[in-house]
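Small disclaimer: the values here were computed from a predicted structure and weren't measured.
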Amino acid sequence: QVQLVESGGGLVQPGGSLMLSCAASGSIFSINAMGWYRRPPGKERECVAVVRHTSTTYYTDSVKGRFTISKDNTKNMVYLQMNSLKPEDTAVYYCAAGSGIISSSMTNARHYDYWGQGTQVTVSS
C-alpha cells in the first residue's frame, strides 16, 4: 500500500505562483511513475503532468511552459511548480502514483493505483 498526501494549495491572483508537494509513504518501492491530476469545477478530471522513474516527463498542452513537475527520490516527494497561473487553472489537484505505468498510457487515470485526497487551487483576482 502507498499513501499520498498533497499540500501547497491555496488562493493566488492571476499571474502568481504556487508549488504543490506530494509526500509518499508505504510500499513506494513498486512505484514507477507519479503524476498530478486536476478536476476543475463542473468538469472531468484531467492529467496535468507525469514524471516516470526514468525522469521522463509529460505535460498537458495547457500548462506547458508554465508548470514543472519534479521529484526527489531520497525524500519520496514529487512537486508541481505552477507559474503564471490563470483562472482556468482553478481546480482540486490530486497526486497519483502507479506501479505499472508505461509510456503509452501515462495519462490514463485508471492505470494509477494510489491517489491523494486533493488540494484546492483557486486563481482569482
Side-chain angles (χ1 to χ4, degrees):
Q1 295 292 323
V2 173
Q3 291 75 235
L4 304 174
V5 180
E6 306 97 335
S7 62
L11 174 64
V12 64
Q13 295 183 354
S17 298
L18 285 173
M19 187 179 75
L20 305 183
S21 299
C22 176
S25 61
S27 302
I28 59 175
F29 57 85
S30 63
I31 299 300
N32 73 340
M34 298 187 70
W36 289 95
Y37 284 73
R38 67 185 181 187
R39 187 185 296 275
K43 298 182 179 181
E44 296 182 353
R45 177 177 54 187
E46 66 174 341
C47 183
V48 177
V50 177
V51 59
R52 290 176 52 81
H53 68 98
T54 59
S55 295
T56 57
T57 58
Y58 160 86
Y59 297 94
T60 192
D61 286 344
S62 63
V63 309
K64 287 181 178 177
R66 300 189 297 122
F67 291 10
T68 302
I69 189 170
S70 62
K71 61 183 176 71
D72 186 338
N73 291 335
T74 64
K75 299 183 182 297
N76 300 322
M77 299 284 291
V78 64
Y79 308 94
L80 186 68
Q81 178 65 50
M82 305 185 294
N83 298 324
S84 301
L85 284 162
K86 305 174 181 179
E88 52 263 45
D89 295 318
T90 296
V92 177
Y93 284 72
Y94 300 90
C95 181
S99 58
I101 307 300
I102 60 176
S103 60
S104 61
S105 62
M106 290 188 296
T107 65
N108 192 329
R110 290 189 291 271
H111 293 176
Y112 287 84
D113 304 302
Y114 309 102
W115 295 85
Q117 293 298 305
T119 184
Q120 176 71 49
V121 172
T122 302
V123 184
S124 177
S125 60

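- Separation of atoms OG1 (T107) and CD (E46) is listed at 10.5 Å; rounding is to 0.5 Å.
- Atom CZ of residue R52 and atom CD1 of residue I69 lie 12.5 Å apart, to the nearest 0.5 angstrom.
- Counted by atom type alone, T122 and S124 present zero donor-acceptor pairs between their side chains at under 3.5 Å.
- The minimum heavy-atom distance linking V78 with M34 is given by the pair CG1-CE, 3.6 Å.
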Test side-chain contact (heavy atoms from CB on, under 4.5 Å) applied to I31 and H53, step by step: CA-CA 8 Å; I31 299 300; H53 68 98; over 6 Å; no
Stepwise side-chain contact (heavy atoms from CB on, under 4.5 Å) check, L18 with Q81: CA-CA 6 Å; L18 285 173; Q81 178 65 50; over 6 Å; no
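- Follow the hydrophobic side-chain contacts under 4.5 Å out from M82 and you reach V12 in the same cluster.
- Taking both residues in full, the closest heavy atoms of A49 and L80 are given as CB-CD1, 4.2 Å, listed atom of the first, atom of the second, then distance.
- T119 has its side chain out of reach of V92: every pair of non-hydrogen atoms, C-beta onward, lies at least 4.5 Å apart.
- Atom-to-atom distance recorded for L11:CG and Q120:CD is 9.5 Å, nearest 0.5 angstrom.
- Within the structure, side chain to side chain donor-acceptor pair (under 3.5 Å) contacts touching residues 89-98 (residues at least two apart or in different chains) are R38-D89, R38-Y93, R66-D89.
- You'll find the side chain of Q117 stays beyond 4.5 Å of the side chain of V5, heavy atoms only.
- Note: Y37 and W115 meet the aromatic proximity criterion, with ring centroids under 6.0 Å apart.
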Worked verdict on W36 versus C95 for side-chain contact (heavy atoms from CB on, under 4.5 Å): CA-CA 5 Å; W36 289 95; C95 181; 4.0 Å; yes
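- In the hydrophobic cluster analysis, where Ile, Leu, Val, Met, Phe, Trp and Tyr join through side-chain heavy atoms closer than 4.5 angstrom, M106 is grouped apart from L4.
- Annotation for S30 and S99: closest pair O-CB, 3.0 Å, computed over non-hydrogen atoms.
- Contact check for Q3 versus S25: side-chain heavy atoms found under the 4.5 Å cut-off.
- A heavy-atom distance below 4.5 Å is found between the side chains of I101 and Y112.
- Here the side chains of K71 and M77 are not in contact, with every heavy-atom distance at 4.5 Å or above.
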Evaluation steps, side-chain contact (heavy atoms from CB on, under 4.5 Å), between V121 and L20: CA-CA 9 Å; V121 172; L20 305 183; 4.0 Å; yes
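- When all heavy atoms of Y59 and T68 are compared, the closest pair comes out as OH-CA, 3.4 Å.
- Counting heavy atoms from C-beta outward, Y79 and D72 have side chains that approach closer than 4.5 Å.
- Scanning both residues, V50 and A33, for their nearest heavy atoms gives CG1-CB, 4.3 Å.
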